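Just below is one structure, and these are the notes that go with it.
Note: hydrogens, waters and symmetry copies are ignored here, and every other heavy atom, side chains too, is used. Residue numbers begin at 1 in each chain, while the letters A, B, ... track the order of the sequences. Keep in mind the model is a prediction, meaning the values are calculated, not measured.
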Amino acid sequence: MKHQLQKLIIQALEQLKRNDQLPKDLEADVQIDRTRDSGHGDYASNIALTLGKAAKTNPRELAARIVAALPADENVKKTEIAGPGFINFFLTPDASYTVIKSVHKEGGEFGRSDLGKNRRVLVEFVSANPTGPLHVGHGRGAAFGAALSNLLAAAGFSVHREYYVNDAGRQMNILAASVWLRYLELCGEAVDFPSNGYKGDYVFDIAATVHRDHSEKFRCAPTMIFNGLPPDATPDGLGDKEAHIDGVIDRAQEILGNTGFRVMLDTALDAILDDIKRDLTEFGVEYDEWFSERSLAKSGAVLDAVTSLRNAGHTYDKGGNLWFASSKFGDEKDRVLVRENGVPTYFAADIAYHLNKIRRGYDQIIDIWGADHHGYVARLKASLQALNFDPSTLEILLVQFAILYRGAERVQMSTRSGQFVTLRQLRGEVGKDAARFFYVMRKCEQHMDFDLELAKSESSDNPVYYIQYAHARVCSVLRQLNEKSLNYDQRQGLDNLASLTEQHELDIITSLSKYPEIVESGARNHEPHQIAHYLRDLANDFHTYYNAHQFIVENDALRNARLSLILAVRQVIRNGLTILGVSAPESM
RNA sequence: GCCCCGGUAGCUCAGUUGGAUAGAGCGCACCCCUCCUAAGGGUGAGGCCGAAGGUUCAAAUCCUUUCCGGGGCACCA
């Protein structure tokens, strides 16, 4: 409808230009907005206000000319000029009813748009290090990334969902060493567990797997490991936990050899990655690809990336390290690519990864990161720019942590102690649907309070419940219909939409017609929360209607018309919830 | 020191990319079931859009300055 009105105005403007009532070279960006107040009609355009100056006429007079030049349209009942020069459009009732027919005809496809024109988008999200289970911070990235991907797909983009597996690097080595030490404990050795090691219970489980499969093959005396190492950090501030754990890793690699160390690492990686995959699947989050960091190093892509930067003349040696002059491209300072020991940094691998993404030919690349990584945005974009790629093809969205509350009380979390709230625990407590919905209720970069009590409550205070209940209620009405030995006659319903004249009904029809616009604007702005808020409003419209009117009435035509309307509501709720990854139950 | 995010009703937040009289939920005060789920609905009170300048026909929205919260970074992946 919006686009249609836009066309009408453009035609009117062309007409005026031909009549020399407007300058020929006038460029106009025709905006059509929904009115806030129904007294202002259904849609409004501010075109006369924006063109007033360039056309050297006062806006109201210009508006009058545009209206006079406007071609007739069967959907437009009348136009009015209002306020400082707005053109208000009033639609005919028939035009409004069309949306119900569209919903019935298009079903699950209703609301889809071709905004994306099939352009290929890669969305990378979660990508948590496989060093432990996902926690509630990752949960928000997962829910947001999945919802955004679905939303982009609904808006006509061809979406590729990807998880970057950090299966190389120091953190994995620390994990492998941690597993080994726990394994030694299982063998009966007494170990001073490093303060910087991974202390979660899952490390014991992995160690037990190693012990079961390899018995005591990797056993050695702890003194062989710890003698002569830099001391670990102590509570009084002495020692160095980083130097200590690095020492432990070196000893582990010496004592176990490559293959033995690899057993620790791979057993851990397999177990944790499997767990993460299962966790995400249960959370309703699916991926097209799990991209391995290790594969980049193996294929030489990391060294290629470094070489490319060097050949482009943007690197230099200092203090034994190879630096990238990222400050020339907007970063606040230069960054190390390859350390003096010859090991490329995580950053170098990240550059290689993004070059790989670009070479795969996506029109747009979206990274969804935790907000704690925001310092990396500038340097990564700098690297793409240095290699002559357009940095705007890469869009990095930062997701803030969610702070959990139980009622008014803040839930404490601590990664250090290994006692964090996992995503799995959260799902167990509030359920998948509530978790998915609550996570995407806010803009991603906004801080969020997640109230566990509210998420669990079965009342109208809880928006998930409220929306799902509206869906279930429609289903319930249909069951009632059957109990009264009546059937829904779609044909008759859609032929009698004109009998829907109650204000509640007209309000719902307006809401339904907004859905495609919400999908577009949500996709354009990367804001799935728009869908969440929209569904809340639609559910509210429905419950209000339900309370005010009977649907199962004597009059066949009216009854079927009303049923057509509420079935359309059910369909749109279902479509919206599907994008958010929330189920639409038939009964509750 | 630098960077990011936020400041809108008592609370939690929307606000259609700058539009007409700033919205919703909760909470509060009243009210509504012989009726498809009261797991619901209605009415009302409640606002200097943090502050000050600026940009223009028009600013909660854009720019500058400033105040107050929250988070992050300072050769670690």
Side-chain angles (χ1 to χ4, degrees), chain A residues 2 31-37 39-40 44-46 48-50 52-53 58-60 82-86 88 129 131 166 168-174 242 293 318-319 321 323 332-337 339 343 345-347 349-350 370-378 398 400-401 403 405 408 441-449 451 454 457-463 465-466 468-470 472-481 483-484 514 517-518 520-522 524-525 527 529-530 532-534 536-537 540 542-553 562-563 566 587-588:
Chain A
K2 241 181 192 177
Q31 255 186 71
I32 304 285
D33 289 315
R34 271 188 188 277
T35 56
R36 205 176 306 222
D37 185 337
H40 297 140
S45 178
N46 60 357
L49 292 154
T50 55
K53 195 166 242 183
N58 87 60
R60 280 196 72 104
F86 289 104
N88 292 336
N129 281 342
T131 50
N166 295 112
R170 180 164 172 264
Q171 292 304 319
M172 284 309 292
N173 289 339
I174 294 177
E242 304 294 348
E293 178 186 357
K318 197 178 94 186
N321 296 326
W323 294 72
E332 55 186 8
K333 59 175 154 181
D334 296 345
R335 311 287 174 179
V336 176
L337 286 177
R339 343 196 115 265
V343 179
T345 57
Y346 178 91
F347 177 43
D350 230 3
D372 53 332
H373 287 74
H374 94 262
Y376 296 89
V377 175
L398 300 175
Q400 290 287 345
F401 279 166
I403 300 167
Y405 285 83
M441 268 197 307
R442 306 270 172 266
K443 277 187 203 141
C444 66
E445 75 269 21
Q446 210 152 294
H447 300 270
M448 163 164 103
D449 296 338
D451 186 345
L454 181 60
S457 81
E458 304 188 348
S459 75
S460 62
D461 307 0
N462 181 349
Y465 230 82
Y466 188 75
Q468 289 183 317
Y469 179 44
R473 226 174 190 182
V474 177
C475 297
S476 167
V477 170
L478 291 187
R479 286 192 293 270
Q480 288 292 328
L481 191 71
E483 278 170 29
K484 294 183 179 170
K514 280 181 191 167
E517 293 165 22
I518 297 288
E520 279 203 4
S521 119
R524 204 193 310 272
N525 299 305
E527 292 179 348
H529 79 273
Q530 290 192 27
H533 285 279
Y534 168 82
R536 218 272 162 203
D537 290 343
N540 183 39
F542 171 75
H543 286 306
T544 306
Y545 178 41
Y546 178 96
N547 197 251
H549 299 283
Q550 282 283 120
F551 309 149
I552 305 178
V553 292
R562 286 184 171 172
L563 292 172
I566 66 167
S587 66
M588 296 173 70

Please state how far atom [atom1] in [X] lies from atom [atom2] in [N], giving the value in whole angstrom units.
{"X": "A:His40", "N": "B:U16", "atom1": "NE2", "atom2": "C1'", "answer": "16 Å"}
{"X": "A:Phe86", "N": "B:A58", "atom1": "CZ", "atom2": "C1'", "answer": "8 Å"}
{"X": "A:Lys514", "N": "B:G23", "atom1": "NZ", "atom2": "P", "answer": "13 Å"}
{"X": "A:Ile552", "N": "B:C36", "atom1": "CD1", "atom2": "P", "answer": "9 Å"}
{"X": "A:Phe542", "N": "B:A38", "atom1": "CZ", "atom2": "P", "answer": "11 Å"}
{"X": "A:Asn547", "N": "B:U43", "atom1": "CG", "atom2": "C1'", "answer": "14 Å"}
{"X": "A:Asp451", "N": "B:G25", "atom1": "CG", "atom2": "C1'", "answer": "13 Å"}
{"X": "A:Tyr546", "N": "B:U37", "atom1": "OH", "atom2": "C1'", "answer": "5 Å"}

Closer than 4.0 Å, any side-chain N/O of [X] to the OP1 or OP2 of [N]?
{"X": "A:Thr50", "N": "B:C57", "result": "no"}
{"X": "A:Asn540", "N": "B:G41", "result": "yes"}
{"X": "A:Tyr466", "N": "B:G41", "result": "yes"}
{"X": "A:Arg36", "N": "B:A20", "result": "yes"}
{"X": "A:Arg473", "N": "B:A38", "result": "yes"}
{"X": "A:Ser476", "N": "B:U37", "result": "yes"}
{"X": "A:His529", "N": "B:A24", "result": "no"}
{"X": "A:Gln480", "N": "B:C35", "result": "no"}

Give me the distance, rounded to whole Å, that separates [N] from [M] when you measure between the [atom1] atoms they each carry.
{"N": "B:A9", "M": "B:G47", "atom1": "P", "answer": "10 Å"}
{"N": "B:C68", "M": "B:U8", "atom1": "C1'", "answer": "15 Å"}
{"N": "B:C31", "M": "B:A24", "atom1": "P", "answer": "23 Å"}
{"N": "B:C28", "M": "B:U64", "atom1": "P", "answer": "43 Å"}
{"N": "B:A20", "M": "B:A60", "atom1": "P", "answer": "9 Å"}
{"N": "B:C33", "M": "B:G23", "atom1": "C1'", "answer": "30 Å"}
{"N": "B:G7", "M": "B:C13", "atom1": "P", "answer": "10 Å"}
{"N": "B:G53", "M": "B:C67", "atom1": "C1'", "answer": "15 Å"}

Categorize [X] for me: base, sugar-phosphate, or nothing, with a 4.0 angstrom heavy-atom threshold over every strand shown.
{"X": "A:Lys333", "value": "sugar-phosphate"}
{"X": "A:Asn173", "value": "nothing"}
{"X": "A:Arg335", "value": "nothing"}
{"X": "A:His543", "value": "sugar-phosphate"}
{"X": "A:Met588", "value": "base"}
{"X": "A:Ala548", "value": "nothing"}

Backbone N or O of [Y] within a donor-acceptor pair of the [X] side chain at under 3.5 Å?
{"X": "A:Arg60", "Y": "A:Ala48", "value": "no"}
{"X": "A:Ser476", "Y": "A:Ala472", "value": "no"}
{"X": "A:Arg536", "Y": "A:Tyr466", "value": "no"}
{"X": "A:Asn462", "Y": "A:Leu454", "value": "yes"}

Residue whose nearest RNA chain B nucleotide is more 5′ - A:Gly169 or A:Ser587: A:Ser587
Using Watson-Crick or G-U wobble geometry with both distances under 3.5 Å, which nucleotide pairs with [N]?
{"N": "B:C28", "answer": "B:G44"}
{"N": "B:G53", "answer": "B:C63"}
{"N": "B:G69", "answer": "B:C5"}
{"N": "B:U34", "answer": "none"}
{"N": "B:A20", "answer": "none"}

Among [options], which nucleotide sits nearest the side chain of [X]?
{"X": "A:Arg170", "options": "B:C76, B:A38, B:A24", "answer": "B:C76"}
{"X": "A:Arg536", "options": "B:A20, B:C75, B:A24", "answer": "B:A24"}
{"X": "A:His374", "options": "B:C75, B:A20, B:G72", "answer": "B:G72"}
{"X": "A:Arg34", "options": "B:G25, B:C75, B:U16", "answer": "B:U16"}
{"X": "A:Ala44", "options": "B:C2, B:A20, B:C36", "answer": "B:A20"}
{"X": "A:Asn88", "options": "B:U12, B:A20, B:A39", "answer": "B:A20"}

Taking the side chain as every heavy atom from C-beta outward, state whether [X] and [Y] have any atom pair closer than 4.5 Å.
{"X": "A:Met172", "Y": "A:Asn166", "value": "no"}
{"X": "A:Trp323", "Y": "A:Leu337", "value": "no"}
{"X": "A:Phe347", "Y": "A:Val336", "value": "no"}

So does A:Asp372 reach the base of B:G72 with its side chain, donor to acceptor, closer than 3.5 Å?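 Result: no qualifying N/O pair found.
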Can you list everything that forms a ring pair (Phe, Tyr, Trp, His ring centres under 6.0 Å) with A:His549? Sequence neighbours excluded, please.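 Checked A:His549 against ring pair (Phe, Tyr, Trp, His ring centres under 6.0 Å); matches are A:His504, A:Tyr545.
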Qualifying residues under salt bridge (Lys or Arg N to Asp or Glu O under 4.0 Å), relative to A:Arg479, sequence neighbours excluded: none
So which atom in A:Met441 and which in A:Pro463 form the shortest heavy-atom distance, rounded to 0.1 Å? SD-CG, 3.8 Å
Geometric class of the A:Tyr546/A:Phe551 ring pair [parallel <30°, tilted 30-60°, perpendicular >60°]: perpendicular
Sub-3.5 Å pairs of nitrogen or oxygen atoms, protein against nucleotides 5-10 of chain B:
residue	atom	partner	partner atom	Å
B:C5	O2'	A:Glu445	O	3.3

Report the glycosidic orientation of B:C33: syn if within 90° of 0, anti in every other case. syn
